[in-house]
Amino acid sequence: MKSRVFQKIYTHIENITKATCTIAADGITNEEMAFVAGRPAQVVKIIGNRVTLQIFPGTRGIPTDAEVVFLGTPPVLKVSDDLKGRFFNAYGSPIDNGPAVDGEEREIGGPSVNPVRRMQPSELIATGIAGIDLNNTIVSGQKIPFFADPDQPFNQVMAEVALRAKADIIILGGMGMSNDDYLYYKNTFENAGALGRIISFMNTTENPPVERLLVPDMCLTAAEYFALDSSARVLVLLSDMTLYADALSIVSNRMDQIPSKDSMPGSLYSDLAKIYEKAAQFPGGGSITIIAVTTLSGGDITHAIPDNTGYITEGQLYLRRDTDISKVIVDPFRSLSRLKQLVIGRKTREDHPHLMNACVRLYADAAGAKTKLENGFDLTDYDRRTLDFAREYSRELLAIDINIEIDSMLDTAWHLLGKHFTREEVAIKQEVMDTYWVQ
Amino acid sequence: MSTHGRVVGIVANLVTIEADGPVAQNEICYIDLNGTKLMAEVIKITGSLAYAQVFESTRGLYVGCTVEFTGRMLEVTLGPGMLSKSYDGLQNDLDAMAGVFLTRGEYTPAFDENAVWRFAPLVRPGDTVRAADWLGSVREGWIEHKIMVPFDFEGAGTVVSVVPMGDYRACDTIAVIADAGGGERSLNMIMRWPVKVEVRGYADKPRPFKIMETGVRAIDTLNPMAEGGTGFIPGPFGCGKTVLQHAISKYAEADLIVLVACGERANEVVEIFKEFPELDDPRTGRKLMERTIIICNTSNMPVASREASVYTGMTIAEYYRMMGLKVLLLADSTSRWAQALREMSNRMEELPGPDAFPMDLPAIIANFYSRAGFVNLNNGTTGSITFIGTVSPAGGNLKEPVAESTKKAARCFYALSQARSDSKRYPAVDPIDSYSKYLEYREVIEQLDTTVEPGWVNKVVQLKDILLRGKEARDQIHILGDDGVPLDYHVAFNKAEIIDFAILQQDAFDPIDASTPLVRQQYMVNTVLDLCSSPFSFDDFEQVGAYFKHLINILRQMNYQEFMSERFKALETELAAALSERRAR
Ligand SMILES: Nc1ncnc2c1ncn2[C@@H]1O[C@H](COP(=O)(O)OP(=O)(O)OP(=O)(O)O)[C@@H](O)[C@H]1O
Ligand SMILES: [Mg+2]
């Protein structure tokens with residue numbers, strides 16, 4: 001990187017759109033940062049001496065003679081241990097009235113980890129929530145989103161999970177988060193006495209949407225610093241990635257790119273993957289785990305944002321209100337943790353994988369029985385038993401207000417199976433049945 | 001005099017270059033960013049402007065960076081030493097790279113060109129040779145790695161000299177051959193080949209005629225893959241494409257597996273890095289890694305090299321096919337490759353086709369699949385590439401360009417169903433929608449008659465009929481209610497459930513169930529068909545369900561036991577007892 005002693009300053013803007021402006025300038029590097037009339041901006045396109053800048057807060061009120069100052073570097077974050085306990089905006093400037101953080105300047109959105117240098121994730125992250133630990137066990141180094149409708153209590157669940165997860169550092173990235181939710185997180189962490197290991201980069205609904213694009217990279221640059229330089233186990237919370245993707249589409253529309261499905265840019269998959277793939281288990285023992293939120297509109301998971309997310313992340317967790325028990329549960333059908341097989345039955349009891357699958361299979365039978373009932377058909381004895389089982393399973397294990405150890409989750413599940421079913425109906429591998437079956 | 005140029009425009013990874021001389025389409029060039037050379041491929045030329053896709057991040061690039069054109073297309077380097085390696089999409093050796101992070105502009109050799117190999121000649125001076133003919137062989141791991149006449153050698157040539165058996169470096173001259181015009185060419189063990197061009201040089205490519213065992217029952221029994229055949233696995237996210245492909249890669253009856261992780265998750269590749277060096281190849285007892293080459297260009301790695309990665313994998317597979325090996329090429333996911341094409345096409349502002357994919361996507365996909373196949377080599381031996389790709393359709397809907405184009409190009413279709421995966425019926429291969437065109441090939445039917453048993457394909461058809469009838473019965477039961485249909489419907493539905501649980505469903509994570517040899521599949525098919533053809537009598541539908549659940553449980557337990565072990569035989573007896581109890585009535 002060429003270092004410039006003097007910042008380049010221009011004052012003649014040729015072209016202004018809602019999110020970008022174009023000026024004639026020489027020697028400008030791709031993706032470098034600038035200030036246009038004091039507003040943060042980034043180079044997104046260079047054709048000859050025409051440089052197009054994306055202006056994060058938007059272009060409203062910018063005159064053609066505004067001062068454009070190029071900084072000569074891509075966006076950076078100063079990293080040091082002083083980041084701990086601090087709250088920043090999307091540019092990494094403090095919003096907690098504290099002093100600016102001093103430290104080593106690192107480019108955000110840096111290179112990818114060499115796949116052969118990654119370690120296999122193997123550390124179970126216990127949350128106490130059986131809908132997660134029992135059915136969709138999370139492992140350090142994993143990336144997994146909540147798929148939830150905007151009215152569901154995903155922020156509460158995330159805060160709860162973060163606190164129970166025993167992470168060394170928790171990094172909260174807010175994208176279009178309501179100020180109330182932001183304060184909720186802050187209070188929850190504070191009450192738990194956890195502020196010392198929290199770092200937050202926040203773009204609330206009060207801030208310009210395009211600024212959100214910087215938030216995940218800021219979070220992950222800080223995460224990489226702690227995970228690599230001090231081998232910390234870092235948990236990154238990103239809420240809400242749907243609003244992040246919306247910001248991507250705003251920018252690409254204004255750059256006249258051809259949209260693909262749902263007016264999202266054709267590069268949505270790669271853009272999201274670059275963020276989520278920062279989750280990793282490092283050779284030195286540190287790790288980055290990402291738990292994100294992707295809000296759905298009307299539960300539609302075929303929309304481009306959840307769809308592309310599902311293809312990138314290592315599973316997803318669905319929240320659903322179960323009207324039979326009037327509680328929010330982690331839906332066992334569409335929820336999935338793809339890394340669970342690395343720990344279940346290995347770090348947990350050997351019966352875990354078999355038991356978990358059998359319960360979900362029987363829960364599916366209950367769903368079939370329910371459809372029958374709704375269609376006005378008579379139920380068989382088996383149907384009725386599945387329904388009884390499903391209600392208890394939901395209340396005692398799937399509800400998000402559960403907080404128990406994994407062994408007692410397993411014991412509860414065996415108890416429910418024994419109570420409602422015969423050995424044949426449960427159809428688990430004989431050796432496992434012989435040891436754990438309770439009548 | 002090579003062509004030079006300078007950067008005049010940058011939009012993401014598309015760079016416009018003003019060139020001072022001739023430039024070829026698909027030519028590789030290097031952009032100098034303050035001493036770091038970034039590799040790029042020319043994808044469009046107008047006048048003196050060349051548009052190149054950069055295989056790296058373009059951050060920090062500026063107008064005026066100098067560019068050097070190489071006069072060559074994107075190539076792989078072929079020679080002994082590739083086995084067990086992990087490459088990125090451009091065939092850089094990932095293990096040879098320093099540091100935890102990938103460094104921009106760091107290119108590593110595909111293999112050590114100074115490594116010493118024991119070379120045994122297979123030709124004598126005076127012999128006539130053509131491109132791809134075997135000059136000699138070296139032992140690469142357990143493979144008799146053939147050193148071949150370069151694929152770009154034109155016409156017939158004569159061996160002028162060849163070194164005697166002995167130890168040579170890969171880069172040492174091992175033979176000299178003269179072409180028709182008398183021009184002499186010194187050859188070592190290394191050659192280069194452009195990845196987007198098929199390696200020809202074989203005698204012919206007959207229709208596939210024998211099946212390739214994968215150990216996966218839903219494939220081998222119901223919709224077999226042929227050696228040299230093509231297939232694809234489409235499915236919504238989380239339905240088991242990757243798990244199925246990994247299962248195939250572990251147990252398939254192939255000499256060499258080339259695995260292309262194309263734009264998917266890094267942790268999935270890490271799983272292979274971790275498992276394959278430890279797992280045994282069930283047929284040879286060697287470690288799986290000894291027969292595997294991995295091309296790993298995960299989703300966060302540059303998108304242009306993701307596009308290249310499938311071609312890199314295919315070309316390496318073709319190279320080994322010319323040695324007479326049975327190669328299995330797996331790519332996960334070909335949709336990511338198509339998306340890489342779309343990203344570039346959009347950046348170049350080309351007129352988009354459906355869903356903004358490039359117009360020629362169907363042709364590109366068809367051309368790629370056509371490179372697979374069974375071949376007869378000039379020396380009378382044979383080789384093959386069997387290719388199975390996954391497809392990740394947007395929204396899980398197969399009415400999208402990549403799935404539709406692939407369906408036209410591939411002969412086997414393994415549709416993964418969301419409903420099956422939701423109810424954990426793994427592998428979620430839909431037994432009704434999926435097909436293998438090879439079941440219709442006369443050659444294949446005959447081969448199955450002799451290798452499995454006479455009339456085998458008829459049995460497969462019977463299984464499919466029972467499955468279909470079961471589905472129809474289930475639909476009726478759902479509409480009319482349990483007691484609104486005759487008892488027969490319950491029996492039909494439950495017979496299909498038997499096939500589902502005992503044959504289709506297979507636990508990829510159980511050491512025994514994970515892979516089923518064909519003989520064992522044959523046993524199960526016969527057991528199940530025998531069961532399904534038995535006349536049963538029941539008093540009411542509750543009895544039907546309970547009875548079949550009992551049978552299913554026994555069959556499932558059998559799948560978990562060592563074939564023909566004590567416990568297996570005990571279950572066999574239990575099954576017979578359960579059967580005679582019902583039949584007797
Ligand atoms: N045969 C199987 N046996 C047991 N579990 C399975 C099987 N196949 C898939 N699964 C479960 O489903 C999960 C998802 O499978 P997989 O990663 O193969 O999906 P995919 O289709 O490749 O998804 P994506 O398109 O997002 O990559 C696995 O992590 C595993 O939990
Ligand atoms: Mg996959």
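- Contact of B/Ser86 with chain A is made through the side chain alone, with heavy-atom distances under 4.5 Å.
- Neither the backbone nor the side chain of A/Pro353 comes within less than 4.5 Å of any heavy atom in chain B.
- For a residue to count as touching a neighbouring chain, one of its non-hydrogen atoms must lie under 4.5 Å from one of that chain's; by this rule A/Phe333 touches chain B with backbone and side chain alike.
- Annotation for B/Lys274: atom NZ does not count as buried by contact number, only 12 or fewer foreign heavy atoms lying within 6.0 Å.
- Rounding to the nearest 0.5 Å places OG1 of B/Thr298 at 5.5 Å from CD of A/Glu277.
- Contact of A/Pro265 with chain B is not made at all, since no heavy-atom distance falls under 4.5 Å.
- Under the 4.5 Å side-chain criterion, counting only non-hydrogen atoms from C-beta, A/Pro115 is in contact with B/Met301.
- Heavy atoms closer than 4.5 Å to chain A are found in both the backbone and the side chain of B/Arg265.
- The greatest number of non-hydrogen atom pairs below 4.5 Å with chain A, out of B/Ala340, B/Ala394, B/Ala356, B/Ala546, is found for B/Ala394.
- Within the 4.5 Å cutoff, side-chain heavy atoms of B/Asp95 are placed close to those of A/Arg117.
- For a residue to count as touching a neighbouring chain, one of its non-hydrogen atoms must lie under 4.5 Å from one of that chain's; by this rule A/Gln341 touches chain B with the side chain only.
- A distance-only check finds no donor-acceptor pair linking the side chain of A/Tyr382 to the backbone of B/Gly545 [under 3.5 Å].
- Residue B/Ile552: no heavy atom, backbone or side chain, is found under 4.5 Å from chain A.
- Residue B/Glu350 touches chain A through its backbone alone, counting heavy-atom pairs closer than 4.5 Å.
- Per-residue counts of heavy-atom pairs under 4.5 Å with chain B were compared for A/Glu224, A/Arg334, A/Arg423, A/Glu425; the largest is that of A/Arg334.
- For A/Leu336, the part lying near chain B is the side chain, with the backbone staying farther off; criterion is any non-hydrogen pair under 4.5 Å.
- Only the side chain of A/Met356 comes within less than 4.5 Å of a heavy atom in chain B; its backbone stays farther off.
- Put simply, CG on A/Asn375 and NE2 on B/His478 are 9.0 Å apart, with the number rounded to the nearest 0.5 Å.
- Here the OG atom belonging to A/Ser260 is positioned 9.0 Å from the CD atom belonging to B/Glu343, to the nearest 0.5 angstrom.
- With a 4.5 Å cut-off on non-hydrogen atoms, B/Asp483 touches chain A through its side chain but not through its backbone.
- With A/Tyr311 as the aromatic partner, B/Arg336 meets the cation-pi criteria of under 6.0 angstrom to the ring centre and within 45 degrees of the ring axis.
- Only the side chain of A/Asn308 comes within less than 4.5 Å of a heavy atom of chain B; its backbone N, CA, C and O stay farther away.
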side-chain contact (heavy atoms from CB on, under 4.5 Å) assessment of B/Asp482 paired with A/Thr380: CA-CA 8 Å; B/Asp482 283 326; A/Thr380 64; 3.6 Å; yes
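- Between chain B and the options A/Ile47, A/Val44, A/Leu339, A/Thr313, heavy-atom pairs under 4.5 Å are most frequent for A/Thr313.
- Minimum heavy-atom separation, A/Asn114 to B/Leu94: ND2-O, 3.0 Å.
- Annotation: maximal heavy-atom pairing with chain A below 4.5 Å, among B/Ile479, B/Ile554, B/Thr36, occurs at B/Ile479.
- Only the side chain of A/Phe282 comes within less than 4.5 Å of a heavy atom in chain B; its backbone stays farther off.
- Chain B forms the most heavy-atom pairs under 4.5 Å with one residue out of A/Ile312, A/Ile301, A/Asp378, and that residue is A/Ile312.
- If you measure heavy-atom distances from B/Ala12 to chain A, the contacts under 4.5 Å come from the backbone alone.
- Ranked by heavy-atom pairs shorter than 4.5 Å toward chain B, the options A/Ala364, A/Ala304, A/Ala427 are led by A/Ala427.
- If you measure heavy-atom distances from A/Asp365 to chain B, you find no contacts under 4.5 Å at all.
- For the options A/Glu314, A/Arg361, A/His303, A/Arg50, heavy-atom pairs under 4.5 Å to chain B are most numerous at A/Glu314.
- Salt bridge status for B/Glu400 with A/Lys261: absent, with no side-chain N to carboxylate O gap under 4.0 Å.
- Aromatic ring pairs are classed by plane angle as parallel below 30°, tilted from 30° to 60° and perpendicular above 60°; the pair A/His354 and B/Tyr560 is perpendicular.
- Contact annotation for B/Val269: neither backbone nor side-chain heavy atoms come within less than 4.5 Å of a heavy atom of chain A.
- The main-chain N or O of B/Asn300 is found under 3.5 Å from a side-chain atom of A/Ser112 such that the two form a donor-acceptor pair.
- A distance of 6.0 Å separates CG of A/Asp307 from CZ of B/Phe237, quoted to the nearest 0.5 Å.
- Distance OG/B/Ser423 to CG/A/Leu362: 12.0 Å, rounded to 0.5 Å.
- Taking 4.0 Å as the cut-off between side-chain N and carboxylate O, A/Glu431 and B/Arg567 count as a salt-bridged pair.
- In this structure, A/Ser267 and B/Arg347 approach most closely via the heavy-atom pair CB-NH2, 4.2 Å.
- Using a 4.5 Å cut-off between heavy atoms, A/Arg118 touches chain B through backbone and side chain atoms alike.
- Counting non-hydrogen atoms of neighbouring residues, nucleotides and ligands closer than 6.0 angstrom, the CD atom of B/Glu349 reaches no more than 12 such neighbours.
- For the residue pair B/Arg306 / A/Ser270, a side-chain donor-acceptor distance below 3.5 Å is found, with atom types taken as modelled.
- Heavy-atom distances place both the backbone and the side chain of B/Pro393 under 4.5 Å from chain A.
- Neither the backbone nor the side chain of B/Glu56 comes within contact range of chain A, judged by heavy atoms closer than 4.5 Å.
- Of the two parts of B/Phe357, neither the backbone nor the side chain holds a non-hydrogen atom closer than 4.5 Å to a non-hydrogen atom of chain A.
- For B/Leu14, no part lies under 4.5 angstrom from a heavy atom of chain A.
- In this structure, chain B has no heavy atom under 4.5 Å from any part of A/Leu272.
- Only the side chain of B/Asp510 comes within contact range of chain A, with at least one heavy atom under 4.5 Å from a heavy atom of that chain.
- Within the model, atoms CD1 of B/Ile10 and CD1 of A/Ile46 stand 4.0 Å from one another, a figure rounded to the nearest 0.5 Å.
- Here the shortest heavy-atom pairing between B/Asn346 and A/Gly266 reads ND2-CA, 4.3 Å.
- For A/Val360, the part lying under 4.5 angstrom from a heavy atom of chain B is the side chain only.
- When heavy atoms are compared at a cutoff of 4.5 Å, B/Glu271 approaches chain A by way of both its backbone and its side chain.
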For the pair B/Phe101 and A/Leu228, evaluate side-chain contact (heavy atoms from CB on, under 4.5 Å) and give the outcome as yes or no after the intermediate values. CA-CA 11 Å; B/Phe101 291 96; A/Leu228 281 164; 3.3 Å; yes
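- Two residues are said to be in side-chain contact when any heavy atoms from C-beta on lie closer than 4.5 Å; A/Gln430 and B/Gln557 meet this criterion.
- Heavy atoms closer than 4.5 Å to chain A are found nowhere in B/Glu18, neither backbone nor side chain.
- Ranking A/Gln120, A/Lys143, A/Lys45, A/Gln316 against chain B, the residue ahead of the rest is A/Gln120, based on heavy-atom pairs under 4.5 Å.
- The residues A/Lys429 and B/Asp507 are annotated as not salt-bridged, no charged nitrogen and carboxylate oxygen being separated by less than 4.0 angstrom.
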